[in-house]
Amino acid sequence: VQLQASGGGLVQDGGFLRLSCAASGRASAMYTLGWFRQAPGKEREFVAGINWSGGNTYYADSVKGRFTISRDNAKNTMYLQMDSLQPEDTAVYYCAARGYGLRSRPNDYDYWGQGTLVTVSS
C-alpha cells in the first residue's frame, strides 16, 4: 500500500484545514487507516483512526470534538477535518495503514505516507 498525504498549510488559531490521504495498491480499501503527528522535538503521536468500512473511529483525547476522520473507499482516500485549530496542533501529520483493527501505537502500523506540515499561528 502506498500512501500520500496532502492539505497541510498555515492557518490562524481557531481556523480549520482538511487533510487528505490517497491510498493505492492492492486491497487498500480493506486496511485500517490512521493519522499521526509529530511536533518538533516530540515523539510521533496518534491522532485518529478509522476501520476499513468507516463504521468505527477512534480519537486521541486532545483532538476529540475538534477533528473528524472519514474515508471514501470509492476514491481510496481518507480525510481529517480539523476545526478549532490551536497552536499546539502544529506538527507534521502522517497517514498510516495496517491490516485489521484499530490501534493507536505507531509500531502497529505497517505503511506510512510522507508527512504534510500543519502550522497554527497564535
Side-chain angles (χ1 to χ4, degrees):
V1 177
Q2 292 81 45
L3 304 169
Q4 178 143 7
S6 61
L10 174 64
V11 64
Q12 290 188 329
D13 190 357
F16 63 91
L17 281 173
R18 188 175 82 154
L19 304 184
S20 298
C21 175
S24 60
R26 187 174 182 180
S28 58
M30 300 303 296
Y31 283 76
T32 290
L33 300 176
W35 286 101
F36 291 78
R37 67 186 182 186
Q38 188 165 17
K42 295 188 177 181
E43 293 186 352
R44 191 168 298 188
E45 66 174 2
F46 174 78
V47 174
I50 189 166
N51 75 328
W52 72 273
S53 70
N56 287 326
T57 58
Y58 180 45
Y59 296 91
D61 288 343
S62 58
V63 306
K64 203 172 293 183
R66 300 188 298 121
F67 291 10
T68 303
I69 190 171
S70 62
R71 67 190 294 168
D72 183 341
N73 284 343
K75 296 181 179 180
N76 286 330
T77 303
M78 173 180 63
Y79 305 98
L80 185 68
Q81 178 67 40
M82 305 186 295
D83 297 321
S84 302
L85 281 162
Q86 304 165 358
E88 48 266 41
D89 294 318
T90 295
V92 177
Y93 283 71
Y94 298 89
C95 55
R98 68 183 309 276
Y100 180 78
L102 285 172
R103 298 289 187 273
S104 61
R105 297 186 310 168
N107 285 349
D108 288 328
Y109 286 75
D110 303 307
Y111 305 97
W112 292 85
Q114 93 294 352
T116 185
L117 177 62
V118 173
T119 303
V120 184
S121 63
S122 57

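The model shown is predicted, which means the values in this text are computed figures rather than measured ones. By convention here, the first residue in the shown sequence is residue 1.
- Between atom OG1 of residue T77 and atom CD of residue Q4 there is a gap of 11.0 Å, rounded to the nearest 0.5 Å.
- Side-chain heavy atoms closer than 4.5 Å link hydrophobic residues (I, L, V, M, F, W, Y) into clusters, and following such links, possibly through other members, connects V1 to W35.
- The shortest side-chain heavy-atom distance between I69 and M78 falls under the 4.5 Å cut-off.
- Residues A97 and L3 approach most closely at N-CD1, 3.7 Å, considering heavy atoms.
- Pairs passing the side-chain hydrogen bond (donor to acceptor under 3.5 Å, both in side chains) check and including a residue from residues 79-91, sequence neighbours excluded, read R37-D89, R66-D89, Q81-D83.
- Residues in residues 113-122 take part in no side-chain hydrogen bond (donor to acceptor under 3.5 Å, both in side chains) pair, two or more places apart or across chains.
- Side-chain contact between Y93 and V47 is present, with heavy atoms from C-beta onward closer than 4.5 Å.
- A 6.0 Å sphere centred on NZ of K64 holds more than 12 heavy atoms belonging to other residues, nucleotides or ligands.
- Minimum interatomic distance between L102 and I50 (heavy atoms only, all atoms of both residues): CD2-N, 3.4 Å.
- With rounding to the nearest 0.5 Å, the separation of CG in L80 from CZ in R71 is 13.5 Å.
- Minimum interatomic distance between Y109 and G34 (heavy atoms only, all atoms of both residues): CE2-N, 3.9 Å.
- No chain of hydrophobic side-chain contacts below 4.5 Å, direct or via other Ile, Leu, Val, Met, Phe, Trp or Tyr residues, connects Y94 to V63.
- Using a distance-only test at 3.5 Å, with no hydrogens or angles considered, no donor-acceptor pair links the side chain of D72 to the main chain of N76.
- A heavy-atom distance below 4.5 Å is found between the side chains of R103 and R98.
- Here the closest heavy-atom approach between residue Y58 and residue S104 is recorded as CE2-CB, 3.9 Å.
- Partners of D13 according to the salt bridge (Lys or Arg N to Asp or Glu O under 4.0 Å) rule, which considers only residues two or more places apart in sequence or in another chain, do not exist here.
- When all heavy atoms of K42 and Q38 are compared, the closest pair comes out as O-NE2, 3.1 Å.
- Remark: the backbone N or O of T32 is not paired with any side-chain donor or acceptor of N51 at under 3.5 angstrom.
- When atom types are taken as modelled, the side chain of R105 and the backbone of E45 share no donor-acceptor pair closer than 3.5 angstrom.
- Aromatic ring orientation, F36 versus W112: tilted (interplanar angle from 30° to 60°).
- Checked against the 6.0 Å centroid threshold, Y31 and Y100 do not count as a close aromatic pair.
- Side-chain N or O atoms of N73 include one that pairs as donor or acceptor with a backbone N or O of W52 at under 3.5 Å.
- Hydrophobic clustering places L33 together with Y59 (ILVMFWY residues linked when any side-chain heavy atoms are closer than 4.5 Å, directly or through intermediates).
- Between V118 and L19 the shortest side-chain heavy-atom distance falls below 4.5 Å.
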